Amino acid sequence: MGHDGRTKDGKVTLPALQQMKQDGRKIVGVVVYDYQMAQIVDRAGVDIVSVGDSVGVNVWGHRSESEVTLDQMVLVCQAVRRGVTRALVSCDVPFGPLHGGTDAAVQAAMRAVKEGGADLVKVDAGSSSTDAVRAITRAGIPVWAQFGTEVAAPITDRLVREAKELEEAGASLLDFRYSGPVAGPEVVRAVNIPVIGGLGGGPWLDGRVRAVFAAIGYLASAVDDTTDRYANVAEIALAAIEAFSDDVRAGLQIRGAKAR
């Protein structure tokens with residue numbers, strides 16, 4: 001293992017992320033649901049590939065992540081794991097086992113690692129699930145603990161205390177949602193582990209995580225909105241399928257397919 005915590009073949013490790021925090025280098029995380037995109041983001045050099053239970057909403061059309069089962073998460077994680085050779089792979093522990101007691105949470109985490117191939121698991125922790133974080137960690141599985149709520153005026157002292165409790169429970173990383181520019185820096189300074197944020201985060205954290213679908217505009221709604229994204233894949237896809245349809249209806253040879 002090198003001085004920066006990476007293995008000799010360049011694979012990202014948890015010590016590497018810890019070193020990045022100490023060095024002030026930002027950590028990049030993305031949420032991915034499939035093999036093809038996993039290969040692309042790994043090639044792009046991200047540090048963490050998170051297999052999120054948001055697959056239920058963004059891919060399968062469910063109304064809530066709570067509808068996603070552990071079996072489904074394991075299946076999706078397996079696909080992503082096959083596409084990643086360098087970054088860390090994290091798998092969400094879904095709603096059911098996480099709220100079924102610590103034993104259920106530990107068993108779910110073990111399946112995510114042993115069957116899904118994850119390097120660590122992500123749990124919607126908070127102070128009410130600190131016991132689950134502690135139990136999973138004691139089972140030898142690294143935990144990325146999510147906390148924070150969407151409130152108009154977050155109570156910084158409470159959030160700092162919650163972050164410290166999760167660190168003391170054994171969490172290796174924190175996902176601070178809706179951190180804001182006041183509580184965010186306070187939490188980053190209060191704990192020794194990396195603090196990464198998605199929704200409501202900012203440059204004041206140790207890193208950022210973003211769903212690839214949102215970053216590249218691979219959502220049906222992206223066709224009609226004006227959000228500033230890094231790309232609008234939905235718009236490109238719409239134009240491509242329209243062009244494909246025109247070629248088929250015109251009796252033309254379709255692109256990318258050899259005549260036989």
Side-chain angles (χ1 to χ4, degrees), residues 1-33 37-52 54 80 83-92 118-125 142-150 154 156 159-160 162-164 166-167 171-218 227-231:
M1 187 172 294
H3 69 280
D4 62 352
R6 296 176 187 258
T7 62
K8 291 182 179 179
D9 55 3
K11 291 184 179 179
V12 181
T13 64
L14 287 170
L17 299 187
Q18 186 66 52
Q19 188 64 50
M20 290 177 72
K21 176 184 175 79
Q22 294 175 6
D23 295 344
R25 292 179 287 129
K26 300 298 184 182
I27 297 166
V28 180
V30 290
V31 180
V32 172
Y33 313 118
M37 190 58 70
Q39 293 181 89
I40 292 171
V41 300
D42 199 41
R43 181 173 177 175
V46 303
D47 304 303
I48 306 174
V49 178
S50 177
V51 183
S54 51
V80 171
V84 176
T85 60
R86 188 197 53 79
L88 281 170
V89 173
S90 170
C91 182
D92 281 12
D119 299 303
L120 68 160
V121 297
K122 191 158 179 273
V123 300
D124 184 358
V143 174
W144 184 6
Q146 184 184 87
F147 76 111
T149 56
E150 186 176 9
T156 299
L159 292 169
V160 167
E162 192 172 337
K164 287 183 175 180
L166 291 168
E167 181 180 30
S172 298
L173 302 170
L174 295 179
D175 178 6
F176 190 179
R177 303 187 77 200
Y178 308 108
S179 63
V182 177
E186 290 292 333
V187 168
V188 168
R189 288 190 290 266
V191 297
N192 296 313
I193 57 178
V195 182
I196 305 167
L199 294 173
W204 46 82
L205 300 176
D206 294 314
R208 299 297 305 280
V209 59
R210 182 76 163 149
V212 164
F213 276 27
I216 68 173
Y218 186 42
T227 302
D228 183 20
R229 307 177 190 275
Y230 292 96

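Everything quoted here is computed from the prediction, not taken from an experiment. Sequence positions, counted from 1, serve as the residue numbers for this chain.
Looking at Asp42, its side chain does come within 3.5 Å of a backbone N or O of Thr85 through a donor-acceptor pair. Not a single donor-acceptor pair under 3.5 Å links the side chain of Arg177 to the backbone N or O of Gly198. Looking only at distances, no side-chain donor or acceptor of Arg229 sits under 3.5 Å from a matching main-chain atom of Ala215. The backbone N or O of Val28 sits nowhere less than 3.5 Å from a side-chain atom of Arg210 that would complete a donor-acceptor pair.
Taking 4.5 Å as the limit, every side-chain heavy atom of Ile196 sits out of range of all side-chain heavy atoms of Asp175. Side-chain atoms of Ser54 and Val31, non-hydrogen and from C-beta on, do get closer than 4.5 Å to each other. Contact annotation: the side chain of Leu205 approaches that of Ser179 to within less than 4.5 Å [non-hydrogen atoms, C-beta and beyond].
Listed by chain and number, the residues in a ring-ring contact (aromatic ring centres under 6.0 Å, His included) with Tyr33 are Phe213 (sequence neighbours excluded). For Glu167, the side-chain contact (heavy atoms from CB on, under 4.5 Å) partners two or more places apart in sequence, or in a different chain, are Val191, Asn192, Ile193.
Counting heavy-atom neighbours within 6.0 Å of Lys26 NZ, excluding the residue itself, gives a total above 12.
When every heavy atom of Lys122 is checked against every heavy atom of Ser50, the shortest pair comes out as CD-OG, 4.1 Å. Here the closest heavy-atom approach between residue Asp47 and residue Val12 is recorded as O-CG1, 3.7 Å.
Atoms CG and OG, on Asp92 and Ser90 in that order, are 6.0 Å from each other to the nearest 0.5 Å. The distance from the CG atom of Leu174 to the NZ atom of Lys164 is 12.5 Å, given to the nearest 0.5 Å. Once rounded to the nearest 0.5 Å, the distance linking CG of Leu120 with CD1 of Ile48 reads 7.0 Å.
Remark: of the listed residues Lys21, Arg25, Gln22, Lys21 is the sole one forming a side-chain hydrogen bond (donor to acceptor under 3.5 Å, both in side chains) with Asp206.
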